Protein chains: 2
Amino acid sequence: MSISTVSYALNGSAKVSEPTRTRIKEIADRLGYAPKLAARTLKGNKTNIIGVYISSFQGEFYGELLDGMQHRLELLGYDMMVNSGNRTQKFLSEKLFDGAIILDNKFQDDDLNKVLTQGNKVVVLDREVSHENARTVLLDNASGSKEAVEYLVSQHQENYYIISGPRGNYDVETRLQAAIETFEKSGKSFKILEGDFTEQSGYEAAEKIIAEAKDKTVGVYSLNDDEAIGFYRYARRHHILLEPQFKIVGFDNNHSADFLYPILPSISYRKHLWGEQAAETLIDLIESKPSAKNQTIKTALSFRK
Amino acid sequence: MSISTVSYALNGSAKVSEPTRTRIKEIADRLGYAPKLAARTLKGNKTNIIGVYISSFQGEFYGELLDGMQHRLELLGYDMMVNSGNRTQKFLSEKLFDGAIILDNKFQDDDLNKVLTQGNKVVVLDREVSHENARTVLLDNASGSKEAVEYLVSQHQENYYIISGPRGNYDVETRLQAAIETFEKSGKSFKILEGDFTEQSGYEAAEKIIAEAKDKTVGVYSLNDDEAIGFYRYARRHHILLEPQFKIVGFDNNHSADFLYPILPSISYRKHLWGEQAAETLIDLIESKPSAKNQTIKTALSFRK
DNA sequence: CTGTTAGCGCGTTCAG
DNA sequence: CTGAACGCGCTAACAG
């Protein structure tokens, strides 16, 4: 029983007879033997692992997205590993991953370019990229933003605000631009308050907006739901009834905003599908299928149930 | 410039002069060269990667926990990768990870034992294990559960319920046992309704409980907050005012339950710390430090803010 | 200090 | 079914 026979047996090659295979598998099992990934990879140059890069594990944002990726990748015969933190970027260059999905503002454009130049395949969910080894699967922020603002304007408020997000972020910039255009087209004036997508920043924005409001009615477009939740939290803590003076719209349709009162309308999109599309596109890219094209994920105003 | 010099230079060996090192690094950078993890691992028998196994990415439960692990592991010089799904268990046997943290009911006891027998180091957060290669970092469910029930009983309700969780689960069984003991000690009778830790199961339990209640006051101990949220959702959808007839206590102190009305008291614990302890214990175990002992995470009733 | 050479780690796979 | 080369980087031994 030679080394190669063992290898063939364990990998299901037809070069080994059934009885031998069975015997080998039994022995391997008894010994707790498992071929090392490192050795196999060295020879094969492929790991069948996809690396996913996110900026933080905190928050409910990623769960459904990752779940979508995971399920699709499993179907396609790949495994998935989730990373957060700068140091792990090296694993892509070091060929631990056959490809990566990136939704991580801490992953710098420079580093991304380096990685692409090295020949790594990447799908990006948080910026525009043009490179033969990259594809994008992006939200249709413009359309969602337009709908959000149109809804607010239809409520005929007296003053309007946008609570912004971290500048430079793709989603922020595209949502902002579309919102501004839509406000201008409607002839309504508005103010922009800076935010950073955290609850805290929404809380602080609420303080300003409510102080400025006096007895005017106000419409607020919060560029994500976390900020909107912060807004509600401020109101609750200060015993301010939002209804009917304040109308707010958010973005992301967070599950955890389901119990806010009054209901928080929000721009929603299919997170699970987003993850699936990202996975599918990446594998198409890795396997050099021509179907590996840039994708867009639709958005629409939702009023929860 | 020989191969060995390059290796020495890139790995910071003293056998290479600074100028040479710098030059080599520049060239490597320009060429986009990065030593492959597989080759390095094969020789060194160590990856400095810790695998974390969770049963699903969904839900807000894991975020803070993973964040705690991640930060502590980073401090200790390790990288972390998060896995979900049965197929990825093999990576531990295949020596991609130097060790693992497991909080995954889909990770079977049999498989865990196999992995431990192979010599892999593991910290487990969701069951009791006794093995030289394993340590546990578990919640003090008994204490939390006792406090939850004592709180309910102090509210002097007429009927009491427990909404259970998935049977066999360590947290469920220990919470349940302590709850039963505490109810019995107080002389109160109670009913147990089955649940599975999902919102849906809490929703269904609410339907039964509310139908049975008539005009009696009711105390409900929901073994996790997701179920409690389901309870509230049922009440809201059917326009039932919970206060003052229904008193509910949960477990986990989920952030997303912050906006429930009336306030949902819940057994809380420091998730971030939990993750940190798990990480620390695992590394101690890997590095054969005697400090690698089983740990317990404290719990306490919390009324949110 | 730098270069050369060679062995090692471990599984895969071709040629026999 | 077996022998041996191979993949890639690390490192020890030795020479310049």
Side-chain angles (χ1 to χ4, degrees), chain A residues 1-49 51 77-79 87-99 115 118-120 286, chain B residues 1-49 77 79 87-99 115 118-120 286:
Chain A
M1 189 177 58
S2 74
I3 293 178
S4 43
T5 306
V6 173
S7 176
Y8 286 135
L10 262 32
N11 290 302
S13 154
K15 299 187 171 189
V16 171
S17 70
E18 249 347 289
T20 316
R21 182 192 314 283
T22 313
R23 199 162 57 89
I24 289 177
K25 282 199 168 171
E26 257 167 33
I27 297 172
D29 211 49
R30 185 151 42 77
L31 267 46
Y33 171 82
K36 297 195 182 169
L37 179 73
R40 179 158 22 96
T41 303
L42 200 50
K43 185 76 191 186
N45 246 342
K46 196 160 195 303
T47 62
N48 266 281
I49 302 173
Y78 286 78
D79 292 303
R87 280 187 352 191
T88 53
Q89 292 178 197
K90 63 175 191 270
F91 293 129
L92 192 50
S93 303
E94 291 178 345
K95 302 294 180 192
L96 170 56
F97 303 136
D98 290 348
V115 155
Q118 288 170 340
N120 297 291
I286 289 173
Chain B
M1 190 178 56
S2 72
I3 291 176
S4 47
T5 306
V6 173
S7 177
Y8 287 136
L10 261 32
N11 290 302
S13 156
K15 297 189 172 188
V16 170
S17 69
E18 250 347 289
T20 314
R21 186 192 311 285
T22 313
R23 200 163 55 90
I24 288 178
K25 283 198 170 172
E26 256 168 34
I27 295 172
D29 211 49
R30 185 150 42 76
L31 268 46
Y33 171 82
K36 298 196 181 172
L37 179 73
R40 181 158 25 93
T41 302
L42 200 50
K43 183 79 192 184
N45 244 346
K46 199 163 194 298
T47 62
N48 267 281
I49 304 174
D79 292 304
R87 281 187 351 194
T88 53
Q89 292 179 197
K90 62 176 193 271
F91 293 129
L92 191 49
S93 302
E94 291 178 345
K95 302 295 180 191
L96 171 56
F97 303 136
D98 290 348
V115 154
Q118 289 170 341
N120 298 290
I286 290 172

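Chain A is the first sequence line, chain B the second, and so forth, proteins listed ahead of strands; every chain is numbered from 1. These numbers come from a predicted model, not from an experiment.
Residue order along DNA chain D, read from the 5' end via each residue's closest nucleotide, puts A:Thr20 first among B:Ala39 and A:Thr20.
To the nearest angstrom, P of C:dG7 lies 17 Å from CG of B:Leu42. If you measure from atom CG of B:Leu37 to atom P of D:dG9, you get 11 Å, rounded to the nearest angstrom. The CG-P distance, from B:Asn45 to D:dG9, rounds to 18 Å in whole Å. What separates NZ of A:Lys46 from P of D:dC8 is a distance of 16 Å, to the nearest Å. Atom pair B:Arg23:CZ and C:dG3:P shows a separation of 8 Å (rounding to whole Å applied). Here the P atom of nucleotide D:dC10 and the CD atom of A:Glu94 are 10 Å apart, to the nearest Å. Remark: C1' of C:dT2 and CZ of B:Arg21 are 13 Å apart, rounded to the nearest angstrom. When rounded to the nearest whole Å, the span between CG of A:Asn48 and P of C:dT12 equals 13 Å.
Across all strands, A:Val6 comes closer than 4.0 Å to no nucleic acid atom at all (heavy-atom distances). Looking at heavy-atom distances under 4.0 Å, A:Thr41 makes no contact with the nucleic acid at all. Nucleic acid contact class of A:Ile3 (heavy atoms, under 4.0 Å, all strands): base.
Contact annotation: side chain of A:Lys43 to base of D:dC6, donor-acceptor pair present below 3.5 Å. One N or O donor and one acceptor, one from the side chain of A:Tyr8 and one from the base of C:dC14, sit under 3.5 Å apart. A donor-acceptor contact under 3.5 Å links the side chain of A:Ser4 to the base of D:dG3.
Out of C:dG3, D:dG9, C:dG9, the shortest distance to the side chain of B:Tyr33 is found at D:dG9.
Between the CD1 atom of A:Ile24 and the CG atom of A:Asp29 there is a distance of 13.0 Å, given to the nearest 0.5 Å. The distance from the CG atom of A:Asp79 to the CD1 atom of A:Ile49 is 6.5 Å, given to the nearest 0.5 Å. In this structure, CG on B:Asn48 lies 4.0 Å from NZ on B:Lys46, to the nearest 0.5 angstrom. To the nearest 0.5 Å, the span separating NZ on B:Lys95 from CG on B:Leu42 amounts to 13.5 Å. Distance CD/B:Glu94 to OG1/B:Thr41: 12.5 Å, rounded to 0.5 Å.
For B:Lys36, a side-chain nitrogen or oxygen approaches OP1 or OP2 of D:dC8 to under 4.0 Å. Distances shown here put every side-chain N or O of A:Ser7 at or beyond 4.0 Å from the OP1 or OP2 atom of C:dG11.
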